[in-house]
Amino acid sequence: MDILKGLNEMQKEAVEYTEGPLLLLAGAGSGKTTVLTRRVANIIEKGTNPYNIVAITFTNKAAKEMKERVCKIAEQGDKVWVSTFHSMGVRILRQHIDKIGYDKSFSIFDSTDSEKVIKNCLTDLNLSDKHFKPKNMKSIISKFKNELVSAEEYAKREEKDSREQSISDIYTLYESKLEKNNALDFDDLIYKTVLLLESNEEVLEKYQSRFEYILVDEYQDTNIPQYKLVKMLAGKYKNLCVVGDDDQSIYGWRGATIDNILNFEKDYENAKVIKLEQNYRSTKKILASANSVISNNTKRKVKELWTDNEEGVNFKYYKGYNEQDEAVYVINNIEKMVEEDGKEYDEFAILYRTNTQSRQIEDNLVKNNIPYVLYGGVKFYERKEIKDILAYLRLIFNMDDEISLMRIINVPKRGIGNGTIEKVYEYANENGISALRALSNVEQIETIGSRSKNIKKFYDLLMSLKDKSKEVEIDELIKEVVELTGYIEELKEEKTDEANTRIDNIYEFINKATESAKNENNTLETFLEEISLVADIDAYDENTKCVSLMTMHSSKGLEFKNVSIIGFEENIFPSYRSVSSDDEGELEEERRLCYVALTRAEESILLTSATSRMLHGRVNNNKVSRFFDELILTDIDDVSPIKKPKIQSRISKLPKMDYAHSVERTKQFMRSSENAHIFSAPQDKELGFEVGDTIKQMRYGKGVVTEIKPAGADFEVTVDFGSKGEKKFMGILSRLKKV
DNA sequence: AAAACGCCGGTTTTT
DNA sequence: CCGGCGTTTT
């Protein structure tokens, strides 16, 4: 097939420019994946062995998709190494990690495991988990690793105050505990790979020679270690193509730095830059609004997406009374479009800022019998029962994994209580042996006495499982675990719904294992790895006939005909943290997230918010999101029961912009007939006061009016009483008086 | 040793 | 509002 068929000029150029460093700035919906796969095909066609090409992505889903598409158009495409950063790290480390002092059968700790290790560190160091919160410590350590600062280096650093010194101790002990467990945490998968390649010329040379062509997707999401890894791997041939969009950088909190993309031209001499700015996905209205929002960011490469697509329909905006009302509207809207316009459920996505927001939506979908898929939330592999079974498997694979050992030593109950466990640990420490070795010598531990037979039984159970693992497939092994431990038996005893769900989950887990076992060269190692590295979105299947529910973060890279963004409110989106942070950058990242969400849509967008919302057991009254003001307001139909709330405040809240831009925007804003009334002073004679006035109320005393909304013959007046909070009144009825 | 209770604290996004 | 965790009770 013709590799350039159907491409625009810029796309063709990107496909043909195969030698040397290339930065491909690919806007949302600009046909990026097509260009990438054709480019790979082109490199192969020019005579390169596919084995010498590597493509790096962030999610398994993206990797899988790219692999499939490359295979379709290129001879021997299956030989191209398409991998995520993390699985690439694992693959390199499994082969060479012994060179930096680990065993090749290392475990991968998830963040829960890491936090447990940190808790152990705190106990050992006699530090309080109130002052040194494990979650917080975890993220500090993660930050160090993402800045390539080792525990050793940090320990040497001078001028540390006492808190920093303690943190340094925690970091050091944490690292040594991981080593003792022969485990790596998530950050290590990249960090330790970098350390390995830095310290070992031979290994570096091996991979540098192999990778004649390197391709990195979503480059705007790379952090420092990832950047460094890529730079080292590309060191020999420098045929490095990075693809990204600085406007879609939404993982700053994970250490990703937008500078990697902004500085590419400085990092790589003679780098070619190609911009893909034509969007093939969205309507003109959607694109114009997305552009309008993102133009408020200061730190970005100049580009503007355009499209030949139709103008399209207006956005809809619905402000509900509360989150329940909001959910009902969103679902009714979908139902209506399905019934009246012949849409399918799978053409809809509901996006939100935080996972908890999916709850009301889910309730209402169930009520209305609408099929849906929820991505994210409590992950399958993080359920208690699955983690328990997994702990057995992990322990069988890596007997040094004490976190797993601790998890299941008395699960199901087998009469090994905390007291006994402590004694085992004491013995292990005194004799400088691993906990498992101590278990095998349990008869020697005098203090335990007759309970040692429980331990003996447990130890024998583990050993027989380990033997089994060498003979049978993974699904058989899991069945064996369940059988020998009596795990399901114990659950059956409970006879509760919850226990039954857990049993179902275990059967589902076995099914998944059976699926995996079908792949040739599937081992316990690869199975565990697969599970450690899955993301929610990896399960995304575009062939379902379901409404999709996911966070805006998860939606990156996907597209839907109709998108609903719920919770379009201050303190939710943008998040409370970003709003109250003094780092301007955080807000810009939220704005980029907004840009990502908007550009998922092909045809229509519904934005919703709620006047009052229950949050952490408390009622919140949030204003509509500031991003609302940054949209092109004339392209929005307000379908709320109460129209245009608080529109007065908008003038002062126009986004910060350079002067020319600002004047233009203001003019545009005033021209819009819908907004014309804003510029006449809003005053309601019947009330005798307006927004901003101080009034007096019988019970609460003096307060400032923040909002007036018509409500039938009366007005709903919101008054801020300062420390007493915000209250709502019916203005005339409650006889509010201007002071 | 296991179940039951009650308090405290957190609470964004995730490979 | 939730869940986790430590304390108390059986």
Side-chain angles (χ1 to χ4, degrees), chain A residues 56-63 83-90 108-112 114-116 119 129-130 133-136 138-139 142 145-146 184-191 217-218 221-223 225-226 249-256 323 351-360 375-379 381-382 384 410-421 451 454 490 494 529-538 550-557 567 571-581 586 589-590 592-594 596-597 613-620:
Chain A
I56 311 174
T57 62
F58 270 84
T59 63
N60 294 305
K61 181 189 167 284
S83 156
T84 64
F85 267 106
H86 295 268
S87 50
M88 180 173 185
V90 173
I108 301 166
F109 277 5
D110 65 21
S111 50
T112 329
S114 298
E115 269 170 46
K116 280 185 186 159
K119 275 181 198 161
D129 60 357
K130 295 264 184 315
K133 300 197 175 115
K135 260 219 178 82
N136 191 219
K138 173 81 188 62
S139 81
S142 174
K145 291 188 177 180
N146 287 332
L184 298 184
D185 68 19
F186 241 87
D187 299 313
D188 283 337
L189 300 182
I190 316 289
Y191 174 60
D217 197 10
E218 309 278 15
D221 290 335
T222 52
N223 61 20
Q226 287 161 339
S249 165
I250 54 175
Y251 287 104
W253 49 274
R254 212 163 67 190
E323 67 270 36
L351 308 182
Y352 35 81
R353 182 63 177 78
T354 63
N355 282 303
T356 48
Q357 289 171 258
S358 67
R359 212 156 123 193
Q360 284 80 19
Y375 300 91
V378 186
K379 289 166 209 112
Y381 294 113
E382 282 172 16
K384 184 188 177 302
N410 199 30
V411 178
K413 310 257 153 46
R414 51 173 71 89
I416 307 178
N418 286 336
T420 316
I421 293 170
R451 293 202 189 278
N454 290 340
E490 195 190 43
E494 283 187 36
E529 209 159 286
E530 222 176 272
I531 289 169
S532 302
L533 302 178
V534 282
D536 304 315
I537 208 63
D538 293 339
M550 66 185 82
T551 62
M552 295 183 237
H553 280 88
S554 293
S555 75
K556 189 156 69 129
N571 300 326
I572 304 250
F573 185 45
S575 72
Y576 174 72
R577 280 175 85 115
S578 66
V579 171
S580 51
S581 160
E586 289 200 31
E589 181 151 313
E590 295 282 311
R592 290 193 291 272
L593 185 58
C594 184
V596 167
R613 175 185 301 274
M614 196 66 128
L615 211 59
H616 328 300
R618 196 152 289 237
V619 176
N620 284 61

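So you know, we letter chains A, B, ... as the sequences are listed, proteins then strands, and number each from 1.
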>> Counting primed atoms plus P, OP1 and OP2 as sugar-phosphate and everything else as base, spell out the protein contacts along nucleotides 10-15 of chain B at 4.0 Å heavy-atom distance: B, S or - for each nucleotide, 5' to 3'.
In response: SBBBBB
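Residues passing the salt bridge (charged side-chain N to carboxylate O under 4.0 Å, His left out) test with E529(A), sequence neighbours excluded: R94(A). For D221(A), the salt bridge (charged side-chain N to carboxylate O under 4.0 Å, His left out) criterion is met by K556(A), not counting sequence neighbours. Every residue meeting the salt bridge (charged side-chain N to carboxylate O under 4.0 Å, His left out) condition with R613(A), not counting sequence neighbours, appears here in chain and number order: E326(A), E569(A). Every salt bridge (charged side-chain N to carboxylate O under 4.0 Å, His left out) that K61(A) has, sequence neighbours left out, goes to E65(A).
Looking at heavy-atom distances under 4.0 Å, R414(A) makes no contact with the nucleic acid at all. Across all strands, K119(A) comes closer than 4.0 Å only to sugar-phosphate atoms, never to a base (heavy-atom distances).
When the C1' atom of dA1(B) is taken as reference, atom NZ of K413(A) falls 9 Å away, rounded to whole Å. Across the protein-nucleic acid pair, R618(A) atom CZ and dC2(C) atom P stand 15 Å apart, rounded to whole Å.
Tested against F85(A), the residues F186(A), F58(A), Y251(A) include a single ring pair (Phe, Tyr, Trp, His ring centres under 6.0 Å) partner, F58(A).
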>> Could you spell out the base pairing of DNA chain B as a dot-bracket line? Use Watson-Crick and G-U wobble contacts where both distances are under 3.5 Å, [ ] for crossing pairs, | for partners on a different strand.
In response: ||||||||||.....
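A salt bridge between E323(A) and R359(A) is absent, with no side-chain N of the basic residue lying under 4.0 Å from a carboxylate O of the acidic one.
In this structure, L593(A) and M552(A) approach most closely via the heavy-atom pair CD1-CB, 3.6 Å.
Annotation: dG4(C) and dT13(B) have their P atoms spaced 16 Å apart (nearest Å).
In this structure a side-chain-to-backbone donor-acceptor pair under 3.5 Å is missing from S575(A) to N571(A).
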